[in-house]
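One structure is given below, encoded as structure tokens.
None of the values given here were measured: they were computed from a predicted structure.
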Amino acid sequence: MPNVSFHDLSQLDADARAALMRRSETDLSGFMEKAAPIVEAVRTEGDAALVRFARDFDKADLDAARLKVSPTEFDAAFGMVDEDVIAAIRFGIDNIRHFHEEQKPEAMWLKEMRPGAFAGDRFTPIRSVALYVPRGKGAFPSVTMMTAVPAVVAGVPELAIVTPPAPDGSVDAATLVAARLAGVETVYKCGGAQAVAAVAYGTETITAALKIVGPGSPWVVAAKRLLAGVIDPGLPAGPSEAIILADDSVHGGLAALDLLIEAEHGPDSSAYLVTHSRRVAEEALAALPEHWARMSEQRVAFSTAVLTGACGGIVLTASIEESYRFINDYAPEHLEILSTDPFAHLGHITEAAEILMGPHTPVSIGNFGLGPNAVLPTSRWARTCGPLSVTDFVKRSSIGYVTAAAYPEFARHARTLARYEGFSSHEHAVSSVRDRYLAR
């Protein structure tokens with residue numbers, strides 16, 4: 001059995017504890033340096049650069065005329081995907097749509113702040129958004145569902161998916177099925193840093209967008225940072241990460257089963273089992289070989305790399321309170337609370353992007369269509385932002401309206417503060433000068 005990383009938190013010094021907080025993209029300087037010429041090539045060469053990078057990075061047989069998925073390819077995809085997969089996609093989209101429709105804000109609200117003076121907000125869709133769907137370590141129609149559905153619910157008029165091509169120049173068929181069922185008909189065959197650059201600057205084929213959302217590799221995250229002045233990079237969603245919090249009411253084998261869910265995404269993932277129960281920890285270690293025996297060779301390799309490396313394994317704490325502190329410090333993308341009484345723990349967790357409760361709610365169910373969005377902030381960004389939502393696809397405008405009857409009181413206070421802050425034009429705009437114009 002591989003030597004799974006085991007961390008007894010009570011035995012670690014401050015530096016060792018800090019090391020447990022690191023993610024694979026904590027230091028992106030190397031990726032940013034290498035992504036910069038890719039971004040520049042797309043800016044200056046357009047489609048030609050995308051075709052070249054598709055050949056060099058994706059080993060894809062592609063030309064500029066095939067960068068955009070055709071209607072024929074969309075139609076053919078439905079014949080290439082098993083009916084049970086299509087049914088699962090429909091099931092997930094239905095739940096995700098219901099959830100995000102509930103989340104959608106009112107188009108406008110106004111409240112009378114004082115007699116005759118009104119203020120509120122108006123929400124309007126962002127005009128154009130690109131949705132990034134990764135493919136390097138698997139096919140992700142689930143990401144298509146999670147990004148496309150809230151965008152459609154929000155009413156974004158110009159939506160496009162960018163996703164890496166296969167060696168034959170195709171796009172994953174289930175991703176196309178999910179796109180069409182969600183309501184998106186524009187899909188481009190490009191991935192990585194070059195895809196971010198393409199939707200930031202636009203090319204002969206790809207229309208530039210105002211924002212890009214969706215998870216991706218460190219290359220994608222690096223490109224988003226490089227282009228943050230050109231395109232809104234959306235929430236920071238990098239390689240997968242998860243914590244499984246298990247108390248002593250569950251079997252460690254169940255915790256090991258769920259620990260592998262996000263660990264199998266790739267060697268750049270992060271995954272910890274956190275428990276104050278040595279029994280649970282030992283049962284988890286003992287169960288891992290049995291679980292690995294059921295997995296494909298590639299997923300065993302990925303999850304083994306994570307659980308034996310610096311960004312994964314088992315963390316044994318001295319108490320449940322210390323488990324809470326570790327989790328809140330880590331601020332995971334996914335948190336699963338494995339307990340027969342998960343609500344007893346919920347109030348102690350303040351820093352997690354997604355919290356899945358109890359033994360019947362593994363991360364798999366959250367990822368594939370419970371309803372809440374599974375595109376989540378990584379690298380401790382859960383401390384300041386939450387999951388992708390309808391509000392990521394709309395912009396908010398403040399609305400103000402003051403009647404003639406309410407104006408004098410507001411003008412008087414505004415003059416006072418304008419004078420104090422030294423802004424004479426502010427002051428004059430609410431003075432007798434304005435009154436003379438209003439009296440005409």
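In this structure, Glu45 places its CD atom where more than 12 heavy-atom neighbours from other residues, nucleotides or ligands lie under 6.0 Å away. Counting non-hydrogen atoms of other residues, nucleotides and ligands closer than 6.0 Å to CZ of Arg90 gives a total of 12 or fewer. Atom CG of Asp84 is surrounded by more than 12 heavy atoms from other residues, nucleotides or ligands within 6.0 Å. Around CD of Glu204, the count of heavy atoms belonging to other residues, nucleotides or ligands within 6.0 Å exceeds 12. Under a cut-off of 6.0 angstrom, the local environment of CZ in Arg52 is crowded, with over 12 non-hydrogen atoms contributed by other residues, nucleotides or ligands. Shown here is Phe91, whose CZ atom has no more than 12 heavy atoms of other residues, nucleotides or ligands within 6.0 Å.
The closest side-chain heavy-atom distance from Val156 to Ser128 is not below 4.5 Å. Two residues are said to be in side-chain contact when any heavy atoms from C-beta on lie closer than 4.5 Å; Pro134 and Val143 meet this criterion. In this structure, the side chains of Leu376 and His334 come closer than 4.5 Å at one or more pairs of heavy atoms. At a threshold of 4.5 Å between non-hydrogen side-chain atoms, the residues Pro164 and Tyr132 count as touching. Counting heavy atoms from C-beta outward, Phe393 and Leu131 have side chains that approach closer than 4.5 Å. Between Phe302 and Ser269 there is no side-chain heavy-atom pair separated by less than 4.5 Å. Ile38 places a side-chain heavy atom less than 4.5 Å from the side chain of Trp219. In this structure, Ile244 and Leu338 have side chains that are in contact, with non-hydrogen atoms separated by less than 4.5 Å.
For Arg66 and Asp168, the salt-bridge test fails: no basic side-chain N is under 4.0 Å from an acidic carboxylate O. A salt bridge links Glu322 with Arg17: at least one charged nitrogen is closer than 4.0 Å to a carboxylate oxygen. Remark: Arg43 engages Glu40 in a salt bridge, criterion side-chain N to carboxylate O under 4.0 Å.
At distances below 3.5 Å, not a single donor-acceptor pair connects side-chain atoms of Ser379 with backbone N or O atoms of Trp381. For the pair Asp58 (side chain) and Ala60 (backbone), a donor-acceptor distance under 3.5 Å is absent. Looking at Arg380, its side chain never comes within 3.5 Å of a backbone N or O of Thr378 through a donor-acceptor pair. At least one donor-acceptor pair closer than 3.5 Å links the side chain of Arg279 to the backbone N or O of Asp248. The main-chain N or O of Pro125 is found under 3.5 Å from a side-chain atom of Lys395 such that the two form a donor-acceptor pair. Checked by atom type and distance alone, the side chain of Asp47 pairs as donor or acceptor with a backbone atom of Thr205 at under 3.5 Å. Although no hydrogens or angles enter the test, the distance criterion places a donor-acceptor pair under 3.5 Å between the side chain of Glu73 and the main chain of Ser70. Using modelled atom types, one side-chain atom of Ser5 and one backbone atom of Gly309 make a donor-acceptor pair closer than 3.5 Å. Remark: side-chain polar atoms of Gln194 are not paired, donor with acceptor, to backbone N or O of Leu50 under 3.5 angstrom.
Residues forming a side-chain hydrogen bond (donor to acceptor under 3.5 Å, both in side chains) with Asp94 (at least two apart in sequence, or on another chain): His98. For Glu351, the side chain to side chain contact (heavy atoms under 4.5 Å, CB included) criterion is met by Asn328, Ala331, Arg383, not counting sequence neighbours.
For an aromatic pair to be called close, the ring centres must be under 6.0 Å apart, and Tyr324 with His345 satisfies this. In this structure, His276 has its ring center at least 6.0 angstrom away from the ring center of Phe326. Tyr272 has its ring centre less than 6.0 Å from the ring centre of Tyr330.
Thr147 approaches Gly214 most closely through the heavy-atom pair CG2-CA, 4.2 Å.
Of the residues Leu285, Asn3, Leu259, Leu273, the one that meets the side-chain contact (heavy atoms from CB on, under 4.5 Å) test with Leu307 is Leu259.
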